[in-house]
Amino acid sequence: MDTKNTFPLKVTRKFKVPAKPVFDAFLNPELAGKFMFATPTGTMVRAEIDPKVGGHFNFTDRRGEEDVAHTGEYLEILRPKRLVFTLRVEKYSQDTDKISISIENMGEESELTLIHELSSKFKEMEESVKSGWTEILEKLAELLGDPTAKKQIPTALVSYHFDAPIKNVFEAWLDPEQIGEFMFGPKVRPNEEVLRIQMDPNVGGDFSFLIRREDAEIDHIGKYLEIVPPHRLAFTWGTADDQSSSRVTIDFLPVKEGCELILKHELDFEWADFVERCEESWRKMIKALDQNLKEGNK
């Protein structure tokens, strides 16, 4: 990889577990397949590791209708102190990144430092990538029985490829007219009517999407938290008659032909049983957006 065009992204975590089991987990296929690039509703269909310098790995997670493969080569293996490997996710990028993991042993505890040398063109994705590694290490802590492990937030995850330019896909999420066509209405759900679309597309701005579904009126409300054109959009999500609020983060990745969209919806714990239903709902909206963009190009 070209280190001149990369920047270091750093994540640290202390474990109430000695260094050896933390290190060994990364090279154990059965265990690593449960936390390395695994998603809450995905299925790890391939977890292969050749744990030697020059050996390769492949973690393939089936997410809905798509398989996402994370592959790489081990560059350094120094048990239990240091592990270095390359990482490539061909579905999203042709770049090959470098990951360095250092583990300091502190008796019955340890501290892990991970440095991801990320391509500079993904600078806008820094927080998203950091969040991903944080979740991976949190899941590892849980699997190792670390009492400091946080309860995993129920999360719906949807990825989708668009042939349309990244700019067009991003802007659709801030366009009232397009939102009224792909997020709600008969193109997404039969017998649904859009009554009002109001939005202030600025960080801190609010939105209100009022629809009629059968005999009920539902007002979807939220606040924009991040707007980074054309790479990232984050907002709260809820309804006017419900006090709970969740967070939706959408990342847009440029690829050779079009772009990849990755949507993450972090739900309240009380909605943990609805993750799959939530994914299906977002998937319908995203497919409707794709169809709209294709029709607009005809």
Does any donor atom in the side chain of [X] or [Y] lie under 3.5 Å from an acceptor atom in the other side chain?
{"X": "Glu66", "Y": "Ser159", "value": "yes"}
{"X": "Lys187", "Y": "Asn292", "value": "yes"}
{"X": "Glu48", "Y": "Asn58", "value": "no"}
{"X": "Ser110", "Y": "Lys20", "value": "no"}
{"X": "Ser281", "Y": "Arg283", "value": "no"}
{"X": "His231", "Y": "Asp251", "value": "no"}
{"X": "Ser246", "Y": "His265", "value": "yes"}

Please determine if [X] and [Y] form a salt bridge, counting it only when a charged side-chain N lies under 4.0 Å from a carboxylate O.
{"X": "Asp95", "Y": "Lys121", "answer": "yes"}
{"X": "Lys264", "Y": "Glu279", "answer": "no"}
{"X": "Asp219", "Y": "Arg196", "answer": "yes"}
{"X": "Lys167", "Y": "Glu171", "answer": "yes"}
{"X": "Arg277", "Y": "Glu280", "answer": "no"}
{"X": "Glu192", "Y": "Arg212", "answer": "no"}
{"X": "Glu138", "Y": "Arg13", "answer": "yes"}

Side-chain contact test, heavy atoms from C-beta onward, threshold under 4.5 Å: evaluate it for [X] versus [Y] and give yes or no.
{"X": "Ile77", "Y": "Arg82", "value": "no"}
{"X": "Ile227", "Y": "Phe170", "value": "yes"}
{"X": "Phe122", "Y": "Val129", "value": "no"}
{"X": "Glu260", "Y": "Phe252", "value": "no"}
{"X": "Phe184", "Y": "Glu193", "value": "no"}
{"X": "Asp61", "Y": "Phe37", "value": "no"}

Self-check item: Stepwise salt bridge (charged side-chain N to carboxylate O under 4.0 Å, His left out) test for Lys10 and Glu126
Solution: CA-CA 10 Å; Lys10 183 178 179 180; Glu126 182 175 4; over 6 Å; no

Self-check item: Nearest heavy-atom neighbours spanning Val188 and Ala288
Solution: CG2-CB, 4.1 Å

Got more than 12 heavy atoms from elsewhere within 6.0 Å of [atom1], [X]?
{"X": "Lys91", "atom1": "NZ", "result": "yes"}
{"X": "Asn191", "atom1": "CG", "result": "no"}
{"X": "Glu30", "atom1": "CD", "result": "no"}

Please state whether the rings of [X] and [Y] are parallel, tilted or perpendicular, taking 30° and 60° as the class boundaries.
{"X": "Tyr74", "Y": "Phe57", "result": "tilted"}
{"X": "Phe209", "Y": "Trp237", "result": "tilted"}
{"X": "Tyr224", "Y": "Phe235", "result": "perpendicular"}

Self-check item: Within the 6.0 Å centroid threshold, strictly below: Trp173 and Phe182
Solution: yes

Self-check item: Lys151 to Phe269 six-membered ring, cation-pi geometry met (6.0 Å, 45°)
Solution: yes

Practice problem: Determine, step by step, whether Leu140 and Phe26 satisfy the side-chain contact (heavy atoms from CB on, under 4.5 Å) criterion, reporting the C-alpha distance in whole Å, the side-chain angles of both residues, the deciding distance to 0.1 Å, and the verdict. | Solution: CA-CA 9 Å; Leu140 170 58; Phe26 285 92; 3.7 Å; yes

